[in-house]
Structures are given as C-alpha cells and as structure tokens.
Amino acid sequence: MEKKKSDAPQFPTYRGKPLVRCGDVLYYGSMMDRYVVRLEVKSKKKVKDMNVADRVAVQLMRTDLDVNRKQIVKTSEKSGLYLAMDLAYVWLMRALENK
C-alpha cells in the first residue's frame with residue numbers, strides 16, 4: 001500500500017491550527033484564514049540547562065495585505081510561552097468566529 005503525499009506542507013499544530021517557527025518568532029494559524037497570531041520571544045531565561053521563553057509579545061494580525069486598515073489588530077505581552085499561546089488561541093478563535 002502506497003502512502004499519498006499531500007501537496008501542502010505539514011506543520012505541527014496546537015489545538016488544531018498550524019504552528020510555524022522561524023527563530024524566536026512563531027506564527028499560529030493558517031495563512032489561508034483571515035487572521036493569524038504572531039508570537040515573538042522577547043527574552044529568555046535559563047532553567048537548568050535549557051533556555052525558556054520569559055517575555056513573549058503576542059499580535060493578532062490580518063492576513064489580507066490588500067486591506068487599507070492596520071494589519072495588527074491586537075497586541076499584548078505575556079510572561080512565558082504557555083500564557084502567550086493560551087491568549088493566542090482565544091484571540092484567534094474569536095476573530096475567526098466573527099467574520
């Protein structure tokens with residue numbers, strides 16, 4: 001039996017939405033949707049032998065570049081990646097519900 005390959009790249013997901021990382025910046029959500037969330041690790045702290053995100057900037061952004069309005073809709077800063085991802089999920093779900 002042969003496995004079928006999808007043309008779309010397969011990214012890790014968080015609560016059903018793609019999570020893409022490039023250095024200290026993570027994008028949560030699909031670029032095919034109207035909104036995505038950008039998370040940027042502003043500072044890190046050392047926990048045992050590992051660097052862990054300390055301050056994380058969260059931005060809800062429109063994906064439509066043709067819109068004349070601001071691309072960034074909401075912004076916040078959280079301490080720790082867990083709190084930032086939790087906020088990102090809530091913002092993204094609310095934005096995608098209110099089409």
(message) For M85 and L39: C-alpha separation, side-chain torsions, deciding distance, then whether side chain to side chain contact (heavy atoms under 4.5 Å, CB included) applies.
(response) CA-CA 8 Å; M85 287 300 300; L39 301 114; 3.8 Å; yes
Would you tabulate the side-chain donor-acceptor contacts of residues 75-82 under 3.5 Å, counting partners in other chains and residues two or more places apart, or write 'none'?
| residue | atom | partner | partner atom | Å |
| --- | --- | --- | --- | --- |
| T75 | OG1 | V58 | O | 3.4 |
| E77 | OE2 | R55 | NH1 | 3.1 |

(message) Just so I know, are the side chains of R62 and V73 near enough to count as touching, which here means a heavy-atom distance under 4.5 Å?
(response)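 Yes, close enough: below the 4.5 Å cut-off.
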(message) Taking the side chain as everything from C-beta on, heavy atoms only, tell me whether V36 gets closer than 4.5 Å to M31.
(response)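 The answer is yes; the side chains approach within 4.5 Å.
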Test of understanding: clusters of I, L, V, M, F, W, Y form through side-chain heavy atoms closer than 4.5 Å, transitively. Do [X] and [Y] belong to the same one?
{"X": "L92", "Y": "M61", "answer": "no"}
{"X": "L87", "Y": "L96", "answer": "yes"}
{"X": "L83", "Y": "V56", "answer": "no"}

(request) Indicate the atoms forming the closest heavy-atom contact of K46 with K48, along with that distance. (result)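 That would be CG-O, 3.6 Å.
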(message) Restricting to non-hydrogen atoms, name the atom on A95 and the atom on L60 that form the minimum distance, rounded to 0.1 Å.
(response)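 The answer is CB-CD2, 3.9 Å.
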(request) Mind checking side-chain hydrogen bond (donor to acceptor under 3.5 Å, both in side chains) for N51 and listing every partner two or more places apart, or none if nothing turns up? (result)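 By the side-chain hydrogen bond (donor to acceptor under 3.5 Å, both in side chains) rule, N51 matches no residue at all.
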(request) Identify, with sequence neighbours excluded, every residue that meets side-chain hydrogen bond (donor to acceptor under 3.5 Å, both in side chains) alongside K44. (result)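 For K44, the residues satisfying side-chain hydrogen bond (donor to acceptor under 3.5 Å, both in side chains) (neighbours in sequence not counted) are D24.
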(message) Show me the pairs that pass ring-ring contact (aromatic ring centres under 6.0 Å, His included) and involve residues 12-45, at least two apart or across chains.
(response)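 Qualifying pairs, neighbours excluded: Y14-Y28.
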Give the table of side-chain donor-acceptor pairs shorter than 3.5 Å for residues 15-22, with sequence neighbours excluded, one pair per line with atom names and distance.
| residue | atom | partner | partner atom | Å |
| --- | --- | --- | --- | --- |
| K17 | NZ | D33 | OD2 | 3.3 |
| R21 | NE | G23 | O | 2.8 |
| R21 | NH2 | G23 | O | 3.4 |

(request) Rounded to the nearest 0.5 Å, what's the gap from CG on N98 to CZ on R34? Could you check? (result)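 Interatomic distance, N98 CG to R34 CZ, rounded to 0.5 Å: 9.0 Å.
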(message) So, using salt bridge (charged side-chain N to carboxylate O under 4.0 Å, His left out) as the criterion, who are the partners of K45 when residues are at least two apart?
(response)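 For K45 there are no salt bridge (charged side-chain N to carboxylate O under 4.0 Å, His left out) partners, ignoring immediate neighbours.
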